[in-house]
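Values below: every heavy atom of this structure, side chains too, minus hydrogens, waters and symmetry copies. As the structure lists them, so they are numbered: ligands from 1, and atoms in each ligand from 1. For this chain, numbers begin at 1 and follow the sequence in order.
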Amino acid sequence: MNCRHCQTPLEHVFLDLGHAPLSNAYLSEAQLHAPETTFPLKIFVCHSCWLVQTEDYAAAHELFSSGYAYFSSTSQGWLKHAKAYCEKIAEMLRLTRDSFVIEVASNDGYLLKNFVEMGVPCVGIEPTASTAEAAERIGVPVLRYFFSAATASMLAANGRQADLICGNNVYAHVPDINDFTLGLGILLKPGGTVNLEFPHLKNMIAQNQFDTAYHEHFSYLSLTAVSQIFEKTGLRVFDLEELPTHGGSLRIYGCDKDDSRQTTAAVTAMLACEKRLGLQASGLYRTFQQKADKVKNDFLAFLIEQKRAGKLVAAYGAAAKGNTLMNYAGLKTDLISFVCDAAASKQNKFMPGSHIPIRHPAELAKRKPDWVVILPWNISAEVMQQHEQIKAWGGNFVVAVPELKVLT
Ligand SMILES: [Zn+2]
């Protein structure tokens, strides 16, 4: 396979997690009796442009079928994050009733609803029917497309270029990152701004976040790689912010390469930081598998110890990263009895691969587990706050990443 950005043949494996089912392929009871499809989950790093990327097996239409269950509004913390962003950027760019905002992968309207409330015209681009319908129900207009250069050209030809294009946690999920970025440029009004948020590879490596690897997550992004992709498509990263979301994300500000806005010191400093940390040489990338294996082994040892002690272990959050961790560790219901999740769309289904049942959070009070493993460690504070009642029966929260830790 060649690099999706620069076409260099990929030689260096960053992470090999064996075979895994698609992380959002939650199963019904009936499906438990049928064969399950798995795909190799192997990630390479390009030694030319340093884009870290999954080997390509599953077609995009398979990954984002209408059964895809993730609704952004499920997380209160994420809703707050989106609202704060909208208020900040509306003021910074002086967005008005004459402006136009486009969000790529607008999900259930969790973000754009803020612009609707402000009276700033906007539209979301979202191919997933279930989330698009949810957005429309709260008054957010949605165009049901996969975003691409072709989609962008069509919209631009209809006079729908944007003052602001935003994309939260979509850039890493795009199979053809060059075409997607080209589309951003096509859709941008002169003087317009692109904002993208994505988990920062720097933190994935530093914090052992190997469980953020899954098939739908095609790229693991450094500023080094993103800057090059932007430059190739006539754009420029002119500013950035580091965010605590998703274990440490970057929010980049992009514009046309000839835009009058100067590239800030934050951008040059981050590029220098990535170079210093080793993100522009192959050595660092070779150490990641060992870090992943240590996390997996420590987690398994903990679960076996609890099993032997006769303790009941449950998990919280039927998220993609949980599936990656549990499938790499080869877990089944003997070590984790059930997983709770607030999303009704996942309840009473089963985790792909591990076949661990997903239950309503009320199951915690019914079964009183001794341990609750928080799988989406990025929202562990929120989960602990919402379910502090487990302390009443002596239950404790634990996370496996970045290392096995009892949360107090
Ligand atoms: Zn490359």
Quick one: does NZ or CZ of K321 land under 6.0 Å from the six-membered ring centre of W377, within 45 degrees of the ring axis?
yes
Taken by chain and residue number, the protein N/O/S atoms under 2.8 Å from the Zn ion (ligand 1) read C3 SG, C6 SG, C46 SG, C49 SG
Any salt bridge linking K332 with D334? Criterion: basic side-chain nitrogen under 4.0 Å from a carboxylate oxygen.
no
Considering the options L93, T96, V101, which one meets the side-chain contact (heavy atoms from CB on, under 4.5 Å) requirement together with V120?
V101
Of all pairs that satisfy ring pair (Phe, Tyr, Trp, His ring centres under 6.0 Å), the ones with a partner from residues 219-246, not counting sequence neighbours
W78-H246, H217-Y220
Residues which pass side chain to side chain donor-acceptor pair (under 3.5 Å) with K80, listed by chain and number, not counting sequence neighbours:
none
Give every donor-acceptor pair under 3.5 Å between a side-chain atom in residues 154-161 and any protein atom, sequence neighbours left out.
unit_1 : atom_1 : unit_2 : atom_2 : d
N158   : ND2    : M154   : O      : 3.2
Q161   : NE2    : I186   : O      : 2.9
Q161   : NE2    : L188   : O      : 3.3

